[in-house]
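Just so we're on the same page: letters track the sequence lines, and every chain starts at 1. Every value quoted in this text rests on a predicted model; they were computed, and no experiment measured them.
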Amino acid sequence: MQQQYPFKEIEKNTQQHWNEKQSFKAKSDSDKPKYYCLSMFPYPSGKLHMGHVRNYTIGDVLSRYHHMKGFNVLQPMGWDAFGLPAENAAIKNGVPPAKWTFDNIAYMRSQLQSLGFAIDWSRELATCQPDYYKWNQWLFLRMLEKGIAYKKTQTVNWDPVDQTVLANEQVIEGRGWRTGALIEKRKIPGYYFNITDYAQQLLGDLDKLPGWPERVKTMQANWIGKSIGVRFAFSHEIKDENNTLIDDGKLWVFTTRADTIMGVTFCAVAAEHPLAMLAARTNPELAAFIEKCKTGSMSEADIATMEKEGMSTGLTVTHPLSGEQVPVWVGNYVLMTYGDGAVMAVPAHDERDFGFAKKYGLPIKQVIVASDATFSDEAWKEWYGEKAKATCIHSGRYDGLPYKAAVDAISADLAAKGLGEKQTNWRLRDWGVSRQRYWGCPIPIIHCDDCGDVAVPDDQLPVKLPEDCVPDGSGNPLNKLDSFINCTCPNCSKPAQRETDTMDTFVDSSWYYARYASGNDNQAMVNAETNYWMQVDQYVGGIEHAILHLLYSRFWSKVMRDLGLVDYDEPFANLLTQGMVLNHIFSRRTDKGGIEYYAPEEVTLVHDEHGKTIGANLIEDGQPVDFQGMGTMSKSKRNGVDPQSLIEQYGADTARFFMMFAAPPEQTLEWSDKGVEGSHRYLKRVWGFGYALSSITQAALPEKLSSKLAEARRDIHMGLKQASYDLERQQFNTVASSGMKILNTLEKMQKEAEDHWQSVAHEGFSILLRLLSPLAPHIAQSLWKELGYGDDILNASWPEALEAAMVQDKVKLMIQVNGKLRGDLEVSQATGKSKIEELVLAQECVTKFLVDDKSVRKIIVVPNKLINVVIG
RNA sequence: GCCGGGAUGGCGGAAUUGGUAGACGCACGGGAUUCAAAAUCCCGCGUUGGUGACAACGUGGGGGUUCGAUUCCCCCUCCCGGCACCA
């Protein structure tokens, strides 16, 4: 055994040991309770970044801990391998996306392996492999049969130069991000999943997920966006140039406040609404206003400060209950994408309508009484919100009705006239899955001139994606690939064309966890083993997937359940969203007004005498740079740290240990090179202590320990108890702290070298190694074997903190006078309450307050903790 | 604007049910070792006053409940994250 900490050798040998023993191969025939631990799989972008390292370390700590706790653990890994970056790399380098992707996977897999994660690699999958995406296609066809998948025409952003569809994020100021070409709105057909049919379940089942962070559930609930109200119509006889009634003479609106319907003084429609468009054709001013609304920025900041603007269409519609004529306005605050793109406006009972009415001088009519107060321009705030759901007035036959009764009566009357009914509105839209892209899962449809769109028969699946195409940026290369397109119709055997659209990559990631669990079965999408492993007991990943990926996975699970494929309906029982990894940002303003960034290694920090950082200088010229910023690691800010160089310099254990120690998993982690060194220093000390202990044979603990050794042993077991508690609540930074404290105790014992310290040390060190093994598994395993504790630390059981080791015959009680700490008192455990009070009252730190007319009013004794003497 | 989460030394952070605030680490200061440096080890380290024992203050600010509040309640400020002007 070497004296110096040979981390490279240790890590290489330990990883080899795990490989040979197949230590992490998960089997589903076990009596133990199962624990499925899953980290979100990476996109194979080229190499790992620190966010990956943090994510997978958290998952690995949980996996290894549960393994030692006696669970049958599954921790798989795979690759979210379809997607746009591969196509962009192909355009740039002329390499087929498949080759680029598989090369990246090979490199990143080796990186993951060098970090020593306890992964069952036999279950590895990549979503771009035909035996994976075959089942995307298979389930797509089942969904088509059930009507969950359907085809409709969608409006998309079309880049006329690249001949391709762009995502909203790829349209910058109306132009394509790559070409700079003006983007057109085009209507093209595509496939959709009817996720809105599942909206109620997706919302309601959030209650089945107590192990999810509250904020994620809130974000999902907001995204689904349920609102219950009444949809009704204002009728009209407005006709277009061809003398056709617009929307069959009905202006539909949705409201959650049907009780205020008698207070409507105008309607507002979106700029894209048919009535607005019609009016604009004869009103240039209105046309200009509508154009302005369309080009208006939709960014958050702009919306928050945006002025509510509008313009009259000059049109009127008929109130369905009062029969009054109501003017129609175009409002920039009405969204065409929500509801029917039109709202009723009740200025007296809606803050937005109020502002709009005040601005344009529209009438305000109060129809609800919430209190004795009368509505006024000054005291209007209280008229909005929940408490304003009170009694109707000035509402004809609805006068005197409270909120619910008024809504019931009004919706009944509307229904009787065929002009409305109660309705639930959702913000959630159906999920469009067609992408006009090459590097994705082909949609298994064949277009036949005679038979129309025909499903590819199951026995012809998978529809394989040709892997040797090199996109050149001008549209989907599949469209030019006759060998892919040309086929025969499965129905009539006539020549036909294959669909060239591919699926949204969110489809791929919506069920990969179930596929791991099936052990990559070639006969079926999922199997009995899937139901054994599912649900995922612990899912770990970034908060950026809080909405779409998690929502789609939940939806997919429910679809698979309804098709009888699986018996769970929520895929992830517990969710941990890890925080981001930040690093210092060093920068300078350049003469031209730009900002130049410097890497941390190009800068030295300046401290004052307290150690406070008061500045930073560029090493090259010794001049100051701005140093106060902290941000996510990025190329552009030049503050990234490469995991590979970290592993080479300090080893995987140091990287893992530091990441766990620096911050609790859900919080942001501030990178610190000095902190990494500190963690490395700690592991070196662990190794050094193990080396020292390796030459000392183990002996049984003596009957009676000296008080010092008993105290040391107690500290160790207390540390273990704390660490176990912290692992259960997933606070890993304090697990590392406990490990540090235990080593401090061991080293102190070693220095003092009392008789029998060696036996306490061996017991303590075997505890320490097991406690460290989830965080720094290589060094723990290596020392475990070197010291002869066992062959495989992973199979050692998690240590129990012994009550016998933790009892103490004497306890230190803190003495408070009127709640202020004044001293302490050591008493034996057995001392009774009255004896303690007697002893405390004799203490000088208490008696000195008993002067003048002061006397003891009360004594509070908290067992084994403190005594508070109240003097007054 | 709404929703969610926060604010503790020079820094990252700890404090389990209301009971010793600042564990553990980093930075910093002093010392040992060394020809010297690195590495390593030891000591100190919330602020203020005092040679000192000690005292006062101290968990974003203000109030409250309590023998006792970082922890519970009310009000306010600031920061981070999310969002939907959602009818």
Q. Between B:A23, B:C26, B:A14, which one does the side chain of A:K674 approach most closely?
A. B:C26
Q: Between B:A21, B:A55, B:A23, spot the one nearest the side chain of A:L821, thanks.
A: B:A21
Q: Give a yes/no on whether any side-chain N or O of A:S227 is located under 4.0 angstrom from OP1 or OP2 of B:A87.
A: yes
**Q.** N/O (side chain, A:K820) to phosphate O (OP1/OP2, B:C57) under 4.0 Å
**A.** yes
(Q) Any base atoms under 4.0 Å from A:E214, or only sugar-phosphate, or nothing? Heavy atoms, all strands. (A) nothing
Q: Flag the pair A:K721 / A:M806 as yes when at least one side-chain heavy-atom distance between them is below 4.5 Å, and no otherwise.
A: yes
**Q.** Glycosidic class, syn or anti, of B:G46 using a 90° window around 0
**A.** anti
Q: Describe the nucleic acid contact of A:P213 in one word from base, sugar-phosphate, nothing, applying a heavy-atom distance below 4.0 Å.
A: nothing
**Q.** Presence of salt bridge, A:R685 and A:E747, under 4.0 angstrom
**A.** yes
Q: Round to a whole Å and report the spacing from CD1 of A:I614 to C1' of B:C28.
A: 12 Å
Q.
Taking the ring of A:H680 and the ring of A:Y5, is the distance between their centroids below 6.0 Å?
A. yes
Q.
Please confirm whether the shortest side-chain N or O distance from A:R822 to OP1 or OP2 of B:A56 is below 4.0 Å.
A. yes
Q) According to a strict under-4.0 Å criterion, is A:R427 in side-chain N/O contact with OP1 or OP2 of B:A87? A) no
Q: Would you indicate what A:V869 reaches in the nucleic acid, counting non-hydrogen atoms under 4.0 angstrom: base, sugar-phosphate, or nothing?
A: nothing
Q. Rounded to whole angstrom units, what separation is found between the CE atom of A:M630 and the P atom of B:C26?
A. 17 Å
Q: Just call it for A:N744: base, sugar-phosphate, or nothing, with non-hydrogen atoms closer than 4.0 Å on any strand.
A: sugar-phosphate
Q) When we call it a touch if two heavy atoms are under 4.0 Å apart, what does A:R231 touch: a base, just sugar-phosphate, or nothing? A) nothing
Q: In whole angstrom, give the distance that lies between atom CG of A:L548 and atom P of B:G82.
A: 14 Å
Q | Nucleotide of B:A14, B:U20, B:A87 approaching A:Q816 most closely (side-chain heavy atoms) | A | B:U20
Q.
Under 4.0 Å, heavy atoms only, any strand: does A:G225 hit a base, just the sugar-phosphate, or nothing?
A. base
Q) Hey, are A:R231 and A:D340 close enough for a salt bridge, meaning a charged N less than 4.0 Å from a carboxylate O? A) yes
Q) Choosing from B:G13, B:A87, B:C3, which nucleotide comes nearest the side chain of A:P664? A) B:G13
Q) Base, sugar-phosphate, or nothing: which does A:K848 touch, judged by heavy atoms less than 4.0 Å apart? A) sugar-phosphate
Q) Base, sugar-phosphate alone, or nothing: which one does A:V343 contact when heavy atoms must sit under 4.0 Å apart? A) base
Q: Compare the minimum distances between each of B:C24, B:G19, B:A15 and the side chain of A:R729, then state the nucleotide with the smallest one.
A: B:A15
Q | Separation of atom CZ in A:R857 from atom P in B:C67, rounded to whole Å | A | 12 Å
Q. Counting side-chain heavy atoms from CB outward, which of B:A87, B:U20, B:C67 is closest to A:L866?
A. B:U20
(Q) Let me confirm one number: the CG-CD distance from A:L548 to A:Q220, rounded to the nearest 0.5 Å. (A) 9.0 Å
Q) Centres of the A:Y682 and A:F661 rings: under 6.0 Å? A) no
Q. Can you name the side chain to side chain donor-acceptor pair (under 3.5 Å) partners of A:E803, sequence neighbours left out?
A. none
Q | Donor-acceptor under 3.5 Å (A:D626 side chain, A:F586 main chain) | A | no
Q.
Which is more 5' along RNA chain B, the nucleotide nearest A:M580 or the one nearest A:A663? Just name the residue.
A. A:A663
Q) Please, what dot-bracket string fits RNA chain B when only Watson-Crick and G-U pairs with both distances under 3.5 Å count, crossing ones use [ ] and pairs to another strand use |? A) (((((((..(((......[....))).(((((.......))))).((((....))))..(((((..]....))))))))))))....
Q. Any side-chain N or O of A:K741 under 4.0 Å from OP1/OP2 of B:C24?
A. no
Q: Determine the interatomic distance between C1' on B:A55 and the same-named atom on B:G62; round to the nearest Å.
A: 27 Å
Q.
I'd like to compare against my own output: the B/S/- annotation of nucleotides 42-48 of chain B with a strict under-4.0 Å heavy-atom distance to protein.
A. S------
Q: Identify, with sequence neighbours excluded, every residue that meets ring-ring contact (aromatic ring centres under 6.0 Å, His included) alongside A:F658.
A: A:W671
Q. Can you tell me how far P of B:A23 sits from CG of A:D726, to the nearest Å?
A. 16 Å
Q) B:G12 P sits how many Å from A:E670 CD, rounded? A) 5 Å
Q | A:T218 side-chain proximity, nearest of B:C3, B:A23, B:G19 | A | B:C3
Q: For A:E677, answer base if it contacts any base atom (sugar-phosphate contacts may also be present), sugar-phosphate if it contacts only those atoms, and nothing otherwise; contact means non-hydrogen atoms under 4.0 Å.
A: nothing
Q) Within this structure, what is the NE2-to-P distance between A:H607 and B:C28, rounded to whole angstrom? A) 5 Å
Q) OP1 or OP2 of B:A15 sitting under 4.0 Å from any side-chain N/O of A:Q731? A) yes
**Q.** Of the listed nucleotides B:G19, B:A87, B:U40, the one nearest the side chain of A:R681
**A.** B:U40
Q. Sequence neighbours excluded, which residues qualify as side chain to side chain contact (heavy atoms under 4.5 Å, CB included) partners of A:K422?
A. A:V230, A:V407, A:D408, A:S411
Q: Could you tell me whether the side chain of A:D430 and the main chain of A:T196 form a donor-acceptor pair under 3.5 Å?
A: yes
**Q.** Sequence-distant partners of A:F232, ring-ring contact (aromatic ring centres under 6.0 Å, His included), two or more places apart
**A.** A:F234
Q: Taking only the side-chain heavy atoms of A:F661 (C-beta and beyond), determine which of B:C67, B:G25, B:G19 contains the nearest atom.
A: B:G25
Q) Which of parallel (below 30°), tilted (30 to 60°) and perpendicular (above 60°) describes A:Y552 and A:W431? A) parallel
Q | Spacing between A:M740 atom CE and B:C24 atom C1', to the nearest angstrom | A | 7 Å
Q: With heavy atoms under 4.0 Å as the rule, sort A:N733 into base, sugar-phosphate or nothing.
A: sugar-phosphate
**Q.** C1' gap between B:G29 and B:C79, integer Å
**A.** 33 Å
Q. Closest nucleotide of RNA chain B for A:R215 versus for A:A342: which of these residues is on the 5' side?
A. A:R215
